[in-house]
Amino acid sequence: MPKVLIAEDEPDVLEIMAQKIAASGYEVIPVNNGDTAWEKIQREDPDVVLMDLSMPGLQGFEVLERLRQNPPSSKWCPVIIVSAHDTLDSMRKGFDLEAEHYLTKPCSIEEVLRAIELVLRLTSQKKQ
């Protein structure tokens, strides 16, 4: 069962995303701030990370920078940014930091699930 870490500081959004993603067959690791996201990424070694950009503590881009500089394991950890930051500069920075996908809020849980499936499929194909 693939592990999905969700870093989201809005409690209602985090709860709904966690429930829906878990109901779709994923193990979910919910966190509500950037510092905890970084700690859990190191400890849990998720298969994919859903990353909000504006959070208490470390911001999403800071977590992503750390992840790319210090991966938690030998495997690549794909990141999907899920953020209300919808500017071209934010998107460019996300892709420059090697995020696999960028979703702007509001987005549906179906869009999030499709992005997770796509990213996991592409990651598994890279391994082959």
Side-chain angles (χ1 to χ4, degrees):
M1 174 183 311
K3 284 194 264 185
V4 178
L5 185 136
I6 306 169
E8 168 61 58
D9 66 323
E10 292 293 328
D12 293 341
V13 174
L14 180 59
E15 183 179 342
I16 291 167
M17 286 177 68
Q19 288 175 357
K20 298 287 187 178
I21 291 168
S24 295
Y26 297 99
E27 180 182 341
V28 174
I29 307 162
V31 299
N32 63 3
N33 66 69
D35 296 316
T36 305
W38 177 242
E39 291 169 18
K40 291 277 188 173
I41 289 169
Q42 294 296 306
R43 215 174 25 245
E44 300 287 340
D45 200 17
D47 295 293
V48 66
V49 173
L50 299 177
M51 182 69 64
D52 189 12
L53 294 178
S54 296
M55 294 183 291
L58 291 171
Q59 298 293 301
F61 283 139
E62 293 171 305
V63 175
L64 186 52
E65 286 172 357
R66 285 185 179 193
L67 177 59
R68 294 305 181 232
Q69 293 168 0
N70 305 296
S73 71
S74 60
K75 75 175 188 187
W76 180 259
C77 183
V79 174
I80 299 168
I81 295 172
V82 184
S83 177
H85 294 265
D86 62 354
T87 66
L88 187 56
D89 286 341
S90 290
M91 291 178 192
R92 183 176 292 122
K93 184 172 183 177
F95 288 122
D96 285 348
L97 291 170
E98 300 182 78
E100 274 67 29
H101 203 58
Y102 197 115
L103 295 171
T104 56
K105 294 177 186 175
C107 57
S108 70
I109 193 65
E110 290 78 17
E111 289 175 282
V112 173
L113 288 168
R114 278 194 301 269
I116 292 169
E117 291 168 15
L118 174 66
V119 166
L120 288 175
R121 192 171 340 119
L122 292 173
T123 303
S124 71
Q125 287 175 354
K126 285 181 185 178
K127 293 177 188 174
Q128 296 175 355

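Each residue takes its place number in the sequence, starting with 1.
Of all non-hydrogen atoms in Q59 and L53, the two that sit nearest each other are OE1-O, 3.1 Å. Of all the heavy atoms in P30 and L14, the pair that sits closest is CB-CD1, 3.8 Å.
Here the side chain of S90 pairs no donor or acceptor atom with the backbone of D86 at under 3.5 angstrom. Side-chain atoms of R68 come within 3.5 Å of backbone N or O of E98 as a donor-acceptor pair. Listed for the E111 side chain is a donor-acceptor partner under 3.5 Å among the backbone atoms of S108. With D47 contributing its side chain and K3 its backbone, the two residues share a donor-acceptor pair below 3.5 Å.
The OG1 atom of T87 sits 10.5 Å away from the NZ atom of K93 when rounded to the nearest 0.5 Å. Interatomic distance, CG of L58 versus CG of D35, reported as 4.5 Å (0.5 Å rounding). For the atom pair I81 CD1 and F95 CZ, the distance stands at 7.0 Å (nearest 0.5 Å). Taken to the nearest 0.5 Å, the CZ atom of R43 stands 9.0 Å off from the OG1 atom of T36. Between Y102 atom OH and I80 atom CD1 the span is 13.5 Å, to the nearest 0.5 Å. Taken from CD in E100 to CG in L122, the straight-line distance is 8.5 Å, to the nearest 0.5 Å.
Ion pairing of K105 with E8 is present here, as a side-chain N (NZ or NE/NH1/NH2) and a carboxylate O approach within less than 4.0 Å. Between R92 and D89 a salt bridge is recorded (basic side-chain N to carboxylate O distance below 4.0 Å).
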Extract all donor-acceptor atom pairs below 3.5 Å that involve side chains of residues 18-29 and protein atoms in other chains or at least two apart in sequence.
residue, atom, partner, partner atom, Å
Q19, NE2, E15, OE2, 3.3
S24, OG, K20, O, 3.1

Run the numbers on L50 and L103 for side-chain contact (heavy atoms from CB on, under 4.5 Å), then give the verdict. CA-CA 10 Å; L50 299 177; L103 295 171; over 6 Å; no

